[in-house]
Amino acid sequence: MNTQLKKRNLIQFYLIQSILRQNSLRQLRTKPTHHHNDKYRTRSTEEDNQQDDLFLYKSKGQHLLTNQRILDSIVRKSSVNPTDTVLEIGPGTGNLTLKLLDVASKVVAVEIDKRMVEVLNKRVKDHGFEDKLSVIREDALKAEFPKFDLVVANIPYGISSPLVVKLVYGANPFRSATLLLQKEFARRLLAKPGDSEFNRLAVNVKLVADVEFVMNVSKRDFFPVPKVDSSVVIIRPKDHIPDVNLDEWRAFTKNCFGKKNKTLGATFKQKKKVIELFRLSKMTSSNGEEINRNQYVCADDDGDNEEESDGEECHSSSCADRELLLFKEKIIEVLKAGSFEDKRPSKLCNEELLCLLSMLNQSGIYFHEQTKPRNVDNVAFAAAYS
């Protein structure tokens, strides 16, 4: 067994050498360092005999897909037209990029690592594709993407969630996104109501897009070898999306899926939750006018005030308590009216969640401060939807 494993690693080692040598780039000999567990040190020899070091950081998701059959399948499944501009995020040394350049009109590659960009540009130039490639050397989560038709990418594991959200909720319309993702993350995207993996990310993505499973990819098809296998999925934006305030939807699903297996009745009967929603609803109904946020703090106290308030303050506190009680009863009434009180978010489809949100909004119950605009290019916005 050990002999077969060594033989496989040796074959993979020479495969990497062959790929880069064929492109007149570099001859690679690789050995793991003992100083950093997440690095692989690659010594490369240029034609001018100058030496330099190229490190591939596993912690940064720098795993190069080397299986030519898988690379060809990804390009084929992406249905790239000769007139298409393709956005590729994390191109690395260009194994996928070269195949995309061969079939697309243009490729826009977003890569933050300067060393990778240098290798990528050299390989592309050697193939005569330099006029078809545009490189953005920036963090993909912060970069402003130009117009594109398709996304085809081997996404770094660490930014998968916010990046997917940035794409599907971004300002740029596109036909599809063929993404190579960590297998577990792909399962979360594909999860359906009732599945153990069903989560807020799947709910938010599927509101605006359809997700299709394509194939699994073994970890042995990457260099360096990651700890887990991967999967390819295709995300296709929907032609028509529900007429819902996206910030309100995001805040609503955050409230519901904080404890996804807890009944909605139990979630929305919590004292702190009632107070939070009451304040938001008051601010929304007053069109963003300033309200006394401390007016309702007493309703959340445990009765341990050091000294009694005067009569006017007690009256205000009593009124606040009554308002909160009526507000809580209103929430429960909505849940009961829609038969949602005993249901769990992990079992509900988007249509049911949209119905519940609409009923709550119509009753004056809101989840997001309407006066704050959203910014789809902001990292915090993307993370909020995942």
Side-chain angles (χ1 to χ4, degrees), residues 192-196 198-204 206-207 242-305 313-372 384-385:
K192 299 177 181 179
D195 293 345
S196 60
F198 190 58
N199 60 94
R200 181 173 168 239
L201 174 67
V203 166
N204 286 333
K206 291 179 181 179
L207 178 75
D243 184 17
V244 60
N245 182 294
L246 295 180
D247 288 312
E248 180 71 8
W249 169 260
R250 185 269 305 172
F252 169 67
T253 56
K254 182 179 180 180
N255 276 271
C256 291
F257 281 84
K259 298 286 184 180
K260 67 177 184 178
N261 291 316
K262 198 172 185 178
T263 65
L264 289 166
T267 295
F268 290 116
K269 286 177 185 177
Q270 295 177 84
K271 194 171 186 180
K272 288 185 178 180
K273 182 69 65 181
V274 172
I275 292 173
E276 176 189 343
L277 295 179
F278 181 69
R279 287 174 175 167
L280 282 171
S281 298
K282 289 284 284 186
M283 292 182 70
T284 299
S285 62
S286 61
N287 295 320
E289 293 177 9
E290 195 68 31
I291 65 170
N292 185 1
R293 289 177 174 267
N294 296 322
Q295 181 179 359
Y296 307 102
V297 173
C298 57
D300 198 29
D301 286 342
D302 295 322
D304 296 329
N305 294 334
E313 289 175 336
C314 285
H315 177 71
S316 176
S317 174
S318 178
C319 290
D321 286 339
R322 284 198 297 272
E323 282 190 272
L324 283 171
L325 180 60
L326 291 172
F327 186 78
K328 180 179 179 180
E329 290 175 352
K330 183 194 293 185
I331 295 175
I332 296 172
E333 286 176 6
V334 172
L335 294 176
K336 287 182 176 179
S339 300
F340 288 108
E341 186 178 18
D342 296 324
K343 292 185 177 180
R344 307 174 194 278
S346 60
K347 308 289 185 182
L348 298 179
C349 65
N350 274 14
E351 288 73 18
E352 292 173 301
L353 291 168
L354 284 165
C355 177
L356 174 57
L357 177 59
S358 176
M359 292 175 65
L360 289 166
N361 286 171
Q362 289 175 16
S363 297
I365 302 164
Y366 296 93
F367 296 83
H368 178 262
E369 187 176 340
Q370 303 297 315
T371 56
K372 291 184 178 180
Y385 276 79

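A quick note: this is a predicted structure, and the numbers were derived from the prediction, not measured.
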* Taking atom CZ of R322 and atom CG of L326, what is their separation to the nearest 0.5 Å? -> 9.0 Å
* Can you check side chain to side chain contact (heavy atoms under 4.5 Å, CB included) on W249 and V203, steps first, answer last? -> CA-CA 10 Å; W249 169 260; V203 166; 3.3 Å; yes
* Carefully, step by step, assess N255 and T267 under the rule side chain to side chain contact (heavy atoms under 4.5 Å, CB included). => CA-CA 8 Å; N255 276 271; T267 295; 5.7 Å; no
* To do: Could you tell me which residues satisfy side chain to side chain donor-acceptor pair (under 3.5 Å) with N361, sequence neighbours excluded, listed by chain and number?
  => E248
* **Approximate separation, where rounding is to 0.5 Å, of L348 CG and L354 CG** => 11.0 Å
* Mind checking whether L207 and L353 have side chains closer than 4.5 Å, heavy atoms only? -> no
* Any side-chain heavy-atom pair from I275 and R279 closer than 4.5 angstrom? -> yes
* **From CA spacing to verdict: side chain to side chain contact (heavy atoms under 4.5 Å, CB included), F268, L277** => CA-CA 9 Å; F268 290 116; L277 295 179; 3.8 Å; yes
* Separation between CG of L246 and NE2 of H368, rounded to the nearest 0.5 Å -> 10.5 Å
* Exam field: side chain K206 to backbone N350, donor-acceptor pair closer than 3.5 Å -> no
* Structure fact -> Rounding to 0.5 Å, atoms NZ (K347) and CG (L264) come to a distance of 13.0 Å
* **Closest approach of C349 to P193 (non-hydrogen atoms, all atoms of both residues)** => CA-CG, 3.7 Å
* To do: Measure the spacing between OH of Y366 and CG of L357 and express it to the nearest 0.5 Å.
  => 10.0 Å
* Contact check, side chains of R250 and R200, non-hydrogen atoms, under 4.5 Å -> yes
* Asked: Of all residues at least two apart in sequence or in a different chain, which pass the side chain to side chain donor-acceptor pair (under 3.5 Å) check with K259?
  -> none
* Asked: Which pairs pass ring pair (Phe, Tyr, Trp, His ring centres under 6.0 Å) with one or both residues in residues 319-339, sequence neighbours excluded?
  -> F278-F327
Which atom pairs, donor and acceptor, lie under 3.5 Å between side-chain atoms of residues 335-345 and protein residues at least two apart or in another chain?
from, atom 1, to, atom 2, distance (Å)
E341, OE2, K269, NZ, 2.9
R344, NH1, N261, O, 2.7

* **Nearest atoms (heavy-atom pairs only) where S281 meets I365** => OG-CA, 3.4 Å
* Structure fact -> Across all chains, not counting sequence neighbours, the side chain to side chain donor-acceptor pair (under 3.5 Å) partners of T263 are none
* Asked: Listed by chain and number, what are the side chain to side chain donor-acceptor pair (under 3.5 Å) partners of Q362, not counting sequence neighbours?
  -> S358
* Pairwise distance CG(L280) to CZ(F367) - rounded to 0.5 angstrom -> 9.0 Å
* To do: Measure the shortest side-chain to side-chain distance between L360 and L356 over non-hydrogen atoms and say whether it is less than 4.5 angstrom.
  => yes
